[in-house]
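Encoded as structure tokens, the structure appears first; notes follow it.
Please read these numbers as outputs of a predicted model, since none were measured by experiment. Counting starts at 1 for both ligands and their atoms, in listed order.
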Amino acid sequence: MRNNLDRHLSAVRNLGILAHVDAGKTTVTERILYATGTTHKRGEVHDGTTITDFDPQERDRGITIFAAAVSCDWDGHRFNLIDTPGHVDFADEVERSLRVLDGAVAVFDAVAGVEPQSESVWRQADRHGVPRIAFVNKLDRVGADLDSAVESIRSRLHPVPLVVQLPIGAENAFTGVVDLLRMRALTWNDGGDTAAGTVIEGVVEAAVPEELREEALRRRRLLEEAVAERHPAALEEFCDRETLSAETLSGALRDLTRTGDGVVVLCGSAYRNRGIEPLLDAVVAYLPSPLDVPPVCGMRDAVHGVQAGDDGMQDAVGEQRSADPAAPFAALAFKVSATPTGRLTYLRVYSGTIEKGDAVWESGARRTERIGRILRVQADRHAQVDRAVAGDIVAVVGLKSARAGSTLCAPGAPIVLEPPGVAEPVVSVAVEARASTDTDRLASALARLAEEDPSLVVRTDPETGQTVLSGMGELHLEVAVEKVRLGLGVEVNVGRPRVTYRETVARGVSGLVFRHVKQDGGAGQFAHVVLDVEPLGAGGGTEIGAESGFVFSSAVVGGRVPQEYVRAVEAGCRDALAEGPLGGHPVTGLRVTLTDGATHVKDSSETAFRTAGRLGLREALRRCAMVLLEPVVEVTVTVPQDAVGGVLGDLAARRGRVTDSTVRGGSAVVTATVPLAELFGYATRLRSRSQGRGTFSARPTGYAPAPASAVAPGATAK
Ligand SMILES: Nc1nc2c(ncn2[C@@H]2O[C@H](COP(=O)(O)OP(=O)(O)OP(=O)(O)O)[C@@H](O)[C@H]2O)c(=O)[nH]1
Ligand SMILES: [Mg+2]
């Protein structure tokens with residue numbers, strides 16, 4: 001029984017397709033579904049006919065917005081595949097997907113090489129320890145060059161590229177690849193009727209053409225040397241025989257992929273349907289199954305059953321779960337979406353088994369939920385299955401409170417798995433229904449949307465009473481508003497986008513004494529605190545998405561403030577960080593030390609110390625020298641060389657600082673850091689300046705001091 005289960009699990013591959021916008025992720029996914037016989041028609045992104053870009057806005061805009069999961073079978077293996085969006089505004093979708101994947105295929109454009117967002121997702125995958133293989137796509141394009149793409153992978157991402165194929169033909173004449181392991185030539189037939197009769201579409205295997213033999217042998221040698229250098233068993237064989245067998249190479253490539261000591265590189269043209277089958281074989285051969293990845297770590301939820309709002313993690317104990325279908329059930333919800341089928345919760349099951357009707361414990365709302373139908377996901381189509389076991393990615397109908405990031409587990413063995421991080425929003429717009437009768441419907445639709453997408457925040461501006469929607473960028477907000485408009489049929493007015501500012505400490509204060517005392521009858525309150533506040537120093541908390549912009553410690557001696565009150569002071573300080581003294585913006589990049597304090601036998605309590613922490617830090621911040629920070633991004637603009645002058649002038653006018661300017665594939669590529677506030681409307685401006693031939697992408701780099709002139713009146717909306 002156990003062996004059967006292990007066999008099943010070792011044949012599962014949970015993988016993501018990652019890349020910069022337009023590298024061809026959705027097209028690769030589409031061809032994978034075609035090659036595996038999951039679909040019988042090849043959809044195209046530009047026709048709006050792909051399986052994974054099924055949302056109306058994705059079809060209209062020709063980009064992926066939402067990560068979509070699909071399952072397919074190849075060579076006795078089950079692939080659960082997630083096609084992710086490449087646009088930076090949707091990087092949170094990628095983050096959530098990476099949290100639940102065991103491996104990934106990173107797609108690169110053979111003309112552009114490594115592009116900014118490929119670099120960002122590569123780093124994200126590094127952080128999550130997700131092993132990956134590289135697919136250099138678009139070899140059919142004019143200017144495509146595998147070697148220079150590989151060089152840019154090496155120089156910008158710093159892995160050891162292990163190239164296992166040699167392209168046959170170039171650009172329009174790209175017909176196939178030499179497989180350097182088996183030393184065979186693979187070419188692809190397009191199918192159709194020719195003078196010689198009907199040609200069946202598909203891959204044709206043959207001997208390596210004579211004219212490529214020498215080059216193929218040279219590259220095979222390079223591959224063997226690179227592998228032997230990094231893999232002890234391979235090195236032994238290489239020393240004995242001065243060569244490596246295909247089996248040894250394959251095994252070593254598998255090991256190097258999993259440890260991250262090398263990255264296998266394949267190539268092809270998804271659009272022309274060349275190179276997909278070897279890519280699938282490589283996923284099977286090199287990427288890990290759920291059994292090959294380390295057990296997931298979580299915290300045993302010791303106070304299972306207490307009310308929501310209690311600090312349930314206080315007594316939590318670390319616990320590991322391995323991919324064992326017989327172990328207690330544990331799964332992480334990584335996506336929630338409202339569909340005509342109902343509310344779907346996407347789960348990665350880490351341990352145990354669930355069936356329809358099972359009761360599970362949900363960590364977020366801290367309540368028991370019941371599993372409705374279990375679905376194997378096929379983008380917008382679904383097939384019902386009886387159960388889901390460790391290692392599976394499925395969607396579940398019937399869960400009411402689970403959100404992206406919730407843990408679901410067996411009620412008898414509660415555990416909380418670490419949720420994916422959520423980036424903080426950097427752009428906000430005010431939204432209102434054009435007809436006041438639609439106001440409530442709009443508000444509840446926005447709230448539902450924010451439930452599905454944790455990187456969207458909806459709040460009411462206390463001063464203006466307006467509904468303010470915040471997110472990761474202009475496009476993110478535009479898509480959200482459009483989704484509500486299309487879904488409800490409600491016309492919406494949208495205000496000007498504004499960036500979210502932060503405040504930080506430039507010069508701190510020490511020995512600030514704050515006394516919180518109320519002793520006028522009834523239960524009193526008594527808490528004295530003495531606080532030091534100082535800047536965290538270079539970069540502290542000013543990276544976008546930084547989690548540790550605040551460090552708290554206690555230097556109180558002699559137990560003058562008991563431990564539980566110290567924790568309450570810290571919580572109070574965190575409360576105070578929500579609104580800084582300059583303009584009510586969140587405060588980041590500071591260290592607070594509790595140096596002393598005093599308690600009262602009767603009137604001291606955690607509540608009193610929390611209040612003292614909040615009011616004390618607020619008072620301290622008023623006395624600090626504070627600096628306003630604005631979000632800054634790195635933009636990469638690609639334009640025809642004759643348009644570069646205009647682009648440079650325009651960037652300078654937007655307070656941009658050019659950091660690099662090169663020529664790649666006949667186009668000028670300009671890199672600059674620019675305050676995000678200056679980039680609104682840049683896409684339209686660039687299009688008109690370059691007659692539609694320019695493209696740009698932006699990557700958040702952090703916060704930087706905002707000049708006083710940058711903050712126009714009213715621009716301080718949070
Ligand atoms: N010439 C050529 N074009 C390709 C190839 N693969 C994809 N494309 C085209 O490149 C464009 C972008 O492809 P997509 O598959 O949407 O790229 P993506 O990476 O999914 O893009 P986002 O999801 O928006 O980040 C489409 O017009 C594709 O037809 C290829 O191998 N060769
Ligand atoms: Mg896509």
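In this structure, atom 8 (N) of ligand 1 lies nearest to the protein heavy atom Lys138 CE, 3.7 Å. Nearest protein heavy-atom contact of atom 6 (N) of ligand 1 is Asn137 ND2, 3.2 Å. Protein heavy atom at the shortest distance from atom 5 (C) of ligand 1 is Tyr271 CB, 3.3 Å. Protein heavy atom closest to atom 21 (O) of ligand 1, with residue, atom name and distance, is Asp22 N, 3.0 Å. Of the protein's non-hydrogen atoms, the one nearest atom 18 (P) of ligand 1 is Lys25 N, 3.4 Å. The protein atom (non-hydrogen) at minimum distance from atom 13 (O) of ligand 1 is Thr27 OG1, 3.6 Å. Of the protein's non-hydrogen atoms, the one nearest atom 26 (C) of ligand 1 is Val45 CB, 4.3 Å. At the shortest separation from atom 17 (O) of ligand 1 among protein heavy atoms lies Gly24 N, 3.1 Å.
Side-chain rings of Phe696 and Tyr682 approach one another, their centers coming within less than 6.0 Å.
By the 6.0 Å and 45° rule, Arg96 does not stack over the aromatic ring of Phe334. Judged by the 6.0 Å distance and 45° axis criteria, Arg156 is not positioned over the aromatic ring of Trp122. With a 6.0 Å cutoff to the six-membered ring centre and a 45° limit on the axis angle, Lys483 counts as a cation-pi contact of Phe66.
Asp83 has no carboxylate O lying under 4.0 Å from a charged side-chain N of Lys25, or vice versa, which leaves the two without a salt bridge. Checked for salt-bridge contact, Arg403 and Glu451 meet the test: a charged N lies under 4.0 Å from a carboxylate O. Taking the charged nitrogens against the carboxylate oxygens, Asp102 and Arg348 do have a contact shorter than 4.0 Å, which makes a salt bridge.
Each of the atoms 30 (C), 31 (O), 32 (N) of ligand 1 lies under 4.0 Å from some heavy atom of Ser269. Interface atoms of ligand 1 facing Arg141, defined by a heavy-atom separation under 4.0 Å, are 1 (N). Ligand 1 places these atoms under 4.0 Å from at least one heavy atom of Thr26: 15 (O), 18 (P), 20 (O), 23 (O). Taking every heavy atom of Val21 and a limit of under 4.0 angstrom, the matching atoms of ligand 1 come to 24 (O), 25 (O). Residue Ile63 approaches ligand 1 through these ligand atoms, each under 4.0 Å from one of its heavy atoms: 24 (O). Interface atoms of ligand 1 facing His46, defined by a heavy-atom separation under 4.0 Å, are 27 (O), 29 (O).
Nearest heavy-atom pair across Pro288 and Pro131 is CG-CG, 3.8 Å. Minimum heavy-atom separation, Ser337 to Tyr346: OG-CE1, 4.0 Å.
Side chains of Glu277 and Trp188: a donor-acceptor N/O pair is present below 3.5 angstrom, by distance only.
Taking backbone and side chain together, Thr26 holds an N, O or S atom under 2.8 Å from the Mg ion (ligand 2). Under 2.8 Å from the Mg ion (ligand 2) lies no N/O/S atom of Thr84, from backbone or side chain alike.
Of the candidates Thr64, Thr52, Asp109, the one placing a heavy atom closest to atom 22 (P) of ligand 1 is Thr64.
Residue Ala19 places every heavy atom at 4.0 Å or more from ligand 1.
When heavy-atom distances to ligand 1 are checked against a 4.0 Å cut-off, Asp140 comes that close only through its side chain, counted from C-beta outward.
Around the CG atom of Asn172, the shell of radius 6.0 Å holds no more than 12 heavy atoms that belong to other residues, nucleotides or ligands.
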